Amino acid sequence: MHTYDYDLFTIGAGSGGVRASRFAAQYGARVAVAEAGPLGGTCVNAGCIPKKLMSYAAHYHSDFADAAGFGWSMGEQQFDWATLIANKDKEIARLNGIYGQILTNAKVDIITGHAQIADAHTVIVNGKSYRAKHILIATGGHPVKPELPGSELGITSDEFFHLPALPRSAVVQGGGYIAVELASILNGLGCQVTLVQRGQQILRSMDADLGHFLIAEMRKKGVEIALDTSIVSITADDSDTQNKRVTLSDGRTLDSDCILFATGRKPNVKGLGLENAGVLVRENGAIIVDEHFATNVDSIYAIGDVIDRMALTPVALAEGMIVAANLFQHGRKLMSYENIPTAVFSHPNVATLGMTEARAREKHKHIKIFKSEFKALKHTLSGSTERCLMKMIVDADTDRVLGMHMVGADAGEIIQGFAVAMQCGVTKAQVDATIGVHPTIAEEFVTMRTAVV
Ligand code: NDP
């Protein structure tokens, strides 16, 4: 008969780890969570939350400009980076405290330090061994830089949130979520931004129209976007310690005081001791799990970015709840990765739900595409040339809505409601029968009557 210190030992107190630990404790399990850094993981400390707060800050730039058309006049605006960073850090410290309270209130033991797996039921933190019936790995991921000469002179999103000053100019490499979000923030705050993407497309995992439309909108806002281009090398400038010289694959050189790599993330598995228990990983380090998040070792589970399925906070939360319920409520719940809505907080915002047009064409014989591009009512007076794109993909045989995608203000807020409808299997006829809220951007989704294809 084994004796265990805990029923569940979670490694990593990010979104997924905290949620799984809290739910497991509520189901009566004895739970500990080990964390070496601040509580809350990437989302709270170096991701969703600081990014969104800084995105709000950057939106004021266009808000001030838009105000004139509505009769407002104001003096010269000034932006203070130090104030934004200090206020953002204060809010993050508050959230770190709330995460601690949530765990403590749920009677989860918080163990501060780096955890290493010693065997299938043992975790060591600060030299002390803990025996656990189940171990849950929720260690998240970290940003990676491409290997190129001078890459050490560039930063990643981790350092971005703590820059001592707003850069005068920035070169952002990448065309994914992080690249377009941080490029938009820098641009909105007054920095000259060049975004460099190795291919023709940005947001490549999404419907192709979204990336093309966003490129046009970001260019209108002053972001220079170089497609089919990569950074070849970076060198320091001896005459100006702030300045770096970037050589691009198109032969150009750019001087900039911030080179930001947003070229993807990798699972955090280094130093975890996976080999001590024989836990298998994929080539990129992602822990291999089955549909119940079990690794090849019976007692060890993994969720969130470390399994590299969908690196999204709400997905890690859902995965964590499933593991807790399955282990301590005798459930056999499965996670569905269908119809997961997601938003990119670029300027303008992007939101996506369900299938891309390309995927729908692969999977369905006959599809209909409804698409609308327009200027939002607000911009008839603001003078802004910003436009919205809304697109819906429908299975022509069953009338089921397969995908909904948009670029425009508050896209994430709009898509969330439609995600409920998609979850319920909404048809185009039901969308058409829905009364719009007038005048809104969102109503366009319920008034698109004529298929373009
Ligand atoms: P992504 O994988 O989304 O994008 C990486 C980008 O970098 C791609 O454009 C890719 O190009 C490019 N790239 C990759 N390797 C290289 C290289 N060696 N040289 C040049 N370019 C390269 O990663 P992110 O870092 O942007 O984000 C990671 C994940 O985090 C996202 O996928 C998302 O799941 C999550 N996230 C979610 C957010 C949200 O919900 N709003 C916000 C931020 C992150 P190519 O397109 O050609 O592959």
Side-chain angles (χ1 to χ4, degrees), residues 14-16 41-56 140-151 154-161 171-185 194-208 210-212 214-215 218 225-234 246 248-250 259-268 284 286 304-317 319 337 340-353 356 407 410-413 415-416 419:
S15 307
T42 303
C43 175
V44 168
N45 296 288
C48 325
I49 301 298
K51 175 273 308 288
K52 186 93 190 269
L53 291 173
M54 292 174 79
S55 171
Y56 284 130
H142 62 277
V144 286
K145 293 179 188 177
E147 281 179 26
L148 54 88
S151 63
I155 62 165
T156 68
S157 51
D158 279 355
E159 297 90 58
F160 170 81
F161 295 113
V171 178
V172 178
Q173 170 141 44
Y177 280 74
I178 297 179
V180 297
E181 287 182 343
L182 301 192
S184 295
I185 290 172
T194 305
L195 185 133
V196 175
Q197 162 64 339
R198 63 182 175 182
Q200 263 296 323
Q201 229 179 305
I202 61 169
L203 299 179
R204 208 160 50 85
S205 61
M206 296 183 191
D207 190 279
L210 297 179
H212 295 315
L214 182 64
I215 286 172
M218 285 179 69
I225 300 182
L227 299 171
D228 282 327
T229 308
S230 295
I231 295 178
V232 175
S233 64
I234 310 169
V246 178
L248 301 180
S249 56
D250 62 10
I259 322 299
L260 173 65
F261 291 111
T263 46
R265 296 175 63 88
K266 272 199 166 163
N268 285 335
N284 69 349
D305 291 6
V306 78
I307 62 171
D308 193 31
R309 278 191 183 163
M310 248 186 188
L312 297 171
T313 288
V315 170
L317 297 177
E319 292 171 347
Y337 294 90
I340 291 176
T342 166
V344 186
F345 297 96
S346 48
H347 296 193
N349 291 179
V350 173
T352 181
L353 167 64
T356 63
V407 182
D410 298 321
E413 306 289 349
I415 218 80
Q416 179 69 83

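Note that the structure is a prediction, hence the values are computed from the model and not measured. Counting starts at 1 for both ligands and their atoms, following the listed order. We count residues from 1, following the sequence as given.
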Fill in the blank from the handout: Closest heavy-atom pair, M310 versus D305, reported as atoms and distance to 0.1 Å, is O-OD1, 4.5 Å
Exercise for the section: Please identify which atoms of ligand 1 are closer than 4.0 Å to at least one heavy atom of P146. Expected result: 18 (N)
Handout entry: Residue and atom name of the nearest protein heavy atom (relative to atom 26 (O) of ligand 1), distance in Å to one decimal
Key = I178 N, 2.9 Å
Handout entry: Protein heavy atom at shortest distance from atom 6 (C) of ligand 1
Key = A262 O, 3.6 Å
Practice task
Check whether any side-chain N or O of S184 sits under 3.5 Å from a backbone N or O of V180 as a donor-acceptor pair, and report yes or no.
Solution key: yes
Completion exercise
In terms of heavy-atom contacts, V350 and S346 come closest through CG2-OG, 3.6 Å
Problem - Heavy-atom nearest neighbour in the protein, as seen from atom 20 (C) of ligand 1, with distance rounded to 0.1 Å - result: Q173 NE2, 3.3 Å
Practice task
Work out which heavy atom in I185 is nearest to a heavy atom in K51; give both atom names and the distance.
Solution key: CD1-O, 3.5 Å
Exercise for the section: Below 4.0 angstrom from a heavy atom of G174, which ligand 1 atoms are there? Numbered from 1 as shown, please. Expected result: 7 (O), 9 (O)
Exercise for the section: Would you mind checking which non-hydrogen protein atom is closest to atom 34 (O) of ligand 1, with the distance to 0.1 Å? Expected result: A311 O, 3.0 Å
Practice task
Starting from atom 38 (C) of ligand 1, locate the nearest protein heavy atom and write down its residue, its atom name and how far away it is, to 0.1 Å.
Solution key: Y177 CD2, 3.1 Å
Fill in the blank from the handout: heavy-atom search around atom 1 (P) of ligand 1 in the protein gives G176 CA, 4.2 Å
Exercise for the section: Give yes if a backbone or side-chain nitrogen or oxygen of G199 is under 3.5 Å from a nitrogen or oxygen of ligand 1, and no if not. Expected result: no
Problem - Nearest-neighbour protein heavy atom for atom 23 (O) of ligand 1, which is reported as residue plus atom name and distance - result: G264 CA, 3.4 Å
Practice task
Compute the minimum heavy-atom distance from S230 to ligand 1 and say whether it is under 4.0 Å.
Solution key: no
Exercise for the section: Identify which of R204, Q197, K266 has a heavy atom lying nearest to atom 12 (C) of ligand 1. Expected result: Q197
For a quick test of your reading: what N or O donor-acceptor pairs under 3.5 Å do the side chains of residues 226-233 make, sequence neighbours left out?
from	atom 1	to	atom 2	distance (Å)
D228	OD2	Q200	NE2	2.6
T229	OG1	L227	O	2.6

Problem - Min N/O separation G175 to ligand 1 under 3.5 Å - result: yes
Exercise for the section: With the side chain counted from C-beta on, respond yes when I178 and F160 share a heavy-atom pair under 4.5 Å apart, and no when they do not. Expected result: no
Problem - Identity of the nearest option to atom 17 (C) of ligand 1, non-hydrogen atoms only, from M206, R265, R198 - result: R198
Fill in the blank from the handout: Correct closest heavy-atom pair for G174 and A179 would be O-CB, 3.1 Å
Fill in the blank from the handout: The answer for which part of L312 has a heavy atom under 4.0 Å from ligand 1 is side chain
Practice task
Indicate yes or no: does an N/O atom of A343 lie under 3.5 Å from an N/O atom of ligand 1?
Solution key: yes
Problem - E181 N/O under 3.5 Å from ligand 1 N/O - result: yes
Exercise for the section: Considering the heavy atoms of K51, write down every atom of ligand 1 situated less than 4.0 Å from one of them. Expected result: 41 (N), 42 (C)
Practice task
Take Q173 and I259, measure what side chain to side chain contact (heavy atoms under 4.5 Å, CB included) needs, and give me the verdict at the end.
Solution key: CA-CA 8 Å; Q173 170 141 44; I259 322 299; over 6 Å; no
Exercise for the section: For ligand 1, find out whether one of its N or O atoms is nearer than 3.5 Å to an N or O atom of M310. Expected result: no
Problem - Contacts of type salt bridge (Lys or Arg N to Asp or Glu O under 4.0 Å), residue E319, not counting sequence neighbours - result: none
Fill in the blank from the handout: All heavy atoms of P143 vs all of R265, minimum pair found to be CD-NH1, 3.6 Å
Practice task
Would you confirm whether K266, through its side chain, and V144, through its main-chain N or O, come within 3.5 Å as a donor-acceptor pair?
Solution key: no
Exercise for the section: Compare every heavy atom of Q201 with every heavy atom of Q197, then report the nearest pair and how far apart it is. Expected result: NE2-O, 2.9 Å
Problem - Identity and separation of the nearest protein heavy atom to atom 14 (C) of ligand 1 - result: T263 O, 3.3 Å
